[in-house]
J.: 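Have a look at the structure that comes next, please.
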Amino acid sequence: MDPSSEISLLENGETLRGRWTINGRIGGGGFGQIYEAFDEVNREFVAVKVEPRNASKPVLRMEVVVLKRLHGSPYSCSYLGCGRTDNINYLVMQMQGKNLSELRRAQPAQKFSVSTSLRLVYEALHCIEAVHAEGFLHRDVKPSNFAIGASSATSRKVFILDFGLARHFIDSQGRLRSPRSSVGFRGTVRYASLNAHREKELGRHDDLISLFYMAVEFLFGSLPWKRLKDKSRVAALKKQYTANCLLGGKFPELESIYNYLEQLNYHTKPNYENVRKALCRCILNNKVRFDDPFDWEQQDQQSSYSSSYFESTDGGVGEGRARGFDSHGNEGKLTNYREPTPSERMLIDENPLNDAE
Ligand SMILES: Nc1ncnc2c1ncn2[C@@H]1O[C@H](COP(=O)(O)OP(=O)(O)OP(=O)(O)O)[C@@H](O)[C@H]1O
C-alpha cells in the first residue's frame, strides 16, 4: 500500500498502547503517514509516524534508531516511543510546527527574505552537523524535512525530521564504512547532489550540497529544474548551472561554500566550522541580524532578490501541518531569540574555507 494514499492507517479516536489517542492526520510523504495524537500521560500533543507492517520499503526501523541516538539533541524531535499493531509499525515523537517548505510556499513570492533564508540555512547546518556527529548521513535533506518548533519556546528553532533514508557511515569500531561502488538513487530529485544522480555512495558533503540547493530555493523562490521529473534532465541542469549562476552573483560566500563542498568526497569530513564562517560572513555582509523577525512573524518584505529566469510557483513537497503552532500568537515577540555566540561573532571576521579538513 502506498502510505501517502488516502487510505488512513489510523482512525481518529483510536488509542495506541492505551496512551496516544489519534486526533487527525497532519502529513504523509512517500514513506509514512503522520498523525497528531494526544499523549494521555504527559497531557500534550505528539506526532505519530506510521507505516504498514508489510511496507515494501520499511523506514521506521532506521528512524527509531536515529531518533533514539539524537534524543536530547536541541536539533531533533524527542523520541517518545515506538511499537506495532497487527497492521502497522509506529513511532511517537515530539510534535513540531510547520515545515520549511510550507512556510516558504506561504510567502507572497514563495521565497523568503535574505534574512530569513540565511538564518534558516544557518540553523539547518547545525541540525545536519548534529546528525553527522552521531555517525549518520541524512540523505534526504530538503525543506519539508525541517520544521520550526510548535511551542512559544521553540518557534524560532529549526528541527530536522525524517530519518527514513539515513545511513550509518561509521562501523562499530568508529571507522568510516567502506563506500559501495554503486548504490541506487537516494533522496529527492530536486535537492539531490550530483553524486546521488550518479548513484554513488553518499557522504557528509552530499547532505550539505542539498542544503545549498535549499538556500537557493529559499532566496529565489525556486530552482531552475523545479518542474522536471526526469532525473537525468535534472542532473544535466545541475551540471550546467554554476553556483554563481544559481545565485545570480549576489551571494559570493554561498558560492564559495558550494565550490568547497564540490571538491570533497566520501572520505573527507566537511569542515563545518569553516562552512559556518562563510555563512556568517554572508549574514554579516547582507546586514542580517540574528534577532530579525522571521518572515512569517512579520511580513515586512525586507530585502529579497528576484530573478527573471526563475518561475514564481513551485510544486514543493510536504503537506504537513501541526496544531499548537503559535507563531501568530507570538508575532513580533522574540520569544526564543538567540544572540550569536562569542565564537560565532569571531568567525564572522575570519576568512573561511581556506583549509579543507
Ligand atoms: N514530529 C513532527 N511534528 C510535526 N510535523 C511532522 C513531524 N514529523 C513529520 N511531520 C510532518 O509530516 C511531513 C512528512 O513527514 P516525513 O518527512 O517524516 O514523512 P515521509 O513519508 O518520509 O515524507 P517524504 O517522503 O516527503 O520525505 C513533514 O514534512 C512534516 O510537515
Side-chain angles (χ1 to χ4, degrees), residues 1-10 20 22-39 44-52 55-68 70-71 73-82 88-106 120 124 127 131 138-151 154-155 157-166 185-192 196 207 210 214 296 314-327:
M1 185 202 305
D2 174 3
S4 64
S5 72
E6 287 313 303
I7 303 165
S8 289
L9 296 168
L10 289 171
W20 297 292
I22 302 302
N23 206 28
R25 190 162 152 188
I26 58 171
F31 298 99
Q33 295 181 355
I34 318 291
Y35 293 83
E36 177 188 270
F38 188 70
D39 183 342
E44 62 184 12
F45 287 103
V46 296
V48 182
K49 186 165 181 176
V50 182
E51 70 181 3
S56 53
K57 290 181 188 161
V59 293
L60 275 195
R61 202 186 147 105
M62 179 51 93
E63 289 229 50
V64 168
V65 169
V66 181
L67 261 198
K68 278 183 172 174
L70 285 167
H71 187 75
S73 160
Y75 304 109
S76 66
C77 303
S78 310
Y79 166 82
L80 298 169
C82 68
I88 58 159
N89 302 317
Y90 64 86
L91 158 66
V92 187
M93 61 191 144
Q94 182 186 10
M95 173 67 91
Q96 305 297 0
K98 292 186 176 177
N99 72 52
L100 301 189
S101 173
E102 54 186 324
L103 285 169
R104 178 185 67 79
R105 285 180 288 122
L120 289 177
C127 295
V131 176
H138 187 282
R139 303 199 302 176
D140 199 14
V141 167
K142 60 181 177 181
S144 62
N145 282 340
F146 294 88
I148 56 170
S151 72
T154 59
S155 67
K157 292 186 175 186
V158 174
F159 298 85
I160 190 164
L161 304 172
D162 189 5
F163 301 101
L165 292 183
F185 178 86
R186 293 283 181 284
T188 299
V189 174
R190 190 184 293 179
Y191 307 96
D207 279 346
S210 298
M214 277 174 55
W296 52 90
D314 78 56
V317 289
E319 298 305 322
R321 66 172 177 84
R323 290 188 197 163
F325 171 66
D326 64 355
S327 74

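Whatever order the structure lists ligands and atoms in, that order sets their numbers, starting from 1.
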J.: Just distances here: any N/O of Asp162 and N/O of ligand 1 closer than 3.5 Å?
T.: yes
J.: Can you tell me if Lys142 has a non-hydrogen atom under 4.0 Å from ligand 1?
T.: yes
J.: For ligand 1, is Gly32 a contact, meaning one of its heavy atoms is under 4.0 Å away?
T.: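 Contact check Gly32 vs ligand 1: positive.
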J.: Residue-level breakdown please: for Asp140 versus ligand 1, do any non-hydrogen atoms fall below 4.0 Å on the side chain, on the backbone, on both, or on neither?
T.: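 The answer is the side chain.
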J.: For Ser144, which part has a heavy atom under 4.0 Å from ligand 1: side chain, backbone, both, or neither?
T.: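 Within the 4.0 Å criterion, Ser144 contacts ligand 1 through backbone and side-chain atoms alike.
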J.: Show the numbers, then the answer: is there a side-chain contact (heavy atoms from CB on, under 4.5 Å) between Ile148 and Leu100?
T.: CA-CA 7 Å; Ile148 56 170; Leu100 301 189; 4.1 Å; yes
J.: Taking only heavy atoms of Ile34, which atoms of ligand 1 are found under 4.0 Å from at least one of them?
T.: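 Once the distances to Ile34 are compared, the set is 9 (C), 10 (N), 12 (O), 14 (C), 15 (O), 18 (O).
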J.: Taking atom CG of Leu91 and atom CE of Met62, what is their separation to the nearest 0.5 Å?
T.: 13.5 Å
J.: To the closest 0.5 Å, what do you measure between OH (Tyr75) and SG (Cys127)?
T.: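 Rounded to the nearest 0.5 Å, the OH-SG separation comes to 7.5 Å.
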J.: Using a 4.0 Å cut-off to any heavy atom of Met93, which atoms of ligand 1 qualify?
T.: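 Reading through ligand 1 atom by atom, the close ones are 1 (N), 8 (N).
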J.: Using a 4.0 Å cutoff against the non-hydrogen atoms of Cys77, which atoms of ligand 1 qualify?
T.: 1 (N)
J.: Please report the closest heavy-atom contact between Leu120 and Trp296, naming both atoms and the distance.
T.: CD2-CH2, 3.8 Å
J.: Below 4.0 angstrom from a heavy atom of Met95, which ligand 1 atoms are there? Numbered from 1 as shown, please.
T.: 3 (N), 4 (C)
J.: Check each atom of ligand 1 against the heavy atoms of Ala47 and keep those under 4.0 Å away; list them by number with element.
T.: 1 (N), 2 (C), 3 (N)
J.: In Å, rounded to the nearest 0.5 Å, how long is the span from OH of Tyr90 to CD1 of Ile22?
T.: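 So the gap between those two atoms works out to 9.5 Å.
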J.: So, taking the atom named CD in Gln33 and the one named CZ in Arg25, what distance separates them when rounded to the nearest 0.5 Å?
T.: 3.5 Å
J.: If I take atom CZ from residue Phe159 and atom CD from residue Gln94, how far apart are they, to the nearest 0.5 angstrom?
T.: 5.5 Å
J.: Hey, is Lys49 touching ligand 1 through its side chain, its backbone, both or neither, going by heavy atoms under 4.0 Å?
T.: side chain
J.: Mind checking the CD1-CZ spacing from Ile160 to Phe146? Nearest 0.5 Å is all I need.
T.: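 Going from the CD1 atom of Ile160 to the CZ atom of Phe146 covers 4.0 Å.
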J.: Backbone, side chain, both or neither: what part of Gln96 comes under 4.0 angstrom of ligand 1, heavy atoms only?
T.: both
J.: Judged on heavy-atom distance to atom 1 (N) of ligand 1, which of Lys98, Gln94, Glu102, Arg25 sits nearest?
T.: Gln94
J.: Please confirm whether Ala147 comes under 4.0 Å of ligand 1, counting heavy atoms of the residue only.
T.: no
J.: Considering only heavy atoms, does Asn145 approach ligand 1 within less than 4.0 Å through its side chain, its backbone, both, or neither?
T.: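 Contact part for Asn145 vs ligand 1: side chain (C-beta onward).
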J.: Is the closest side-chain donor-acceptor distance between Asn99 and Ser144 under 3.5 Å?
T.: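 Not at all, the side chains of Asn99 and Ser144 share no donor-acceptor pair under 3.5 Å.
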J.: For a 4.5 angstrom cut-off between non-hydrogen side-chain atoms, does Asp162 reach Glu63?
T.: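 Yes; the side chains approach each other to less than 4.5 Å.
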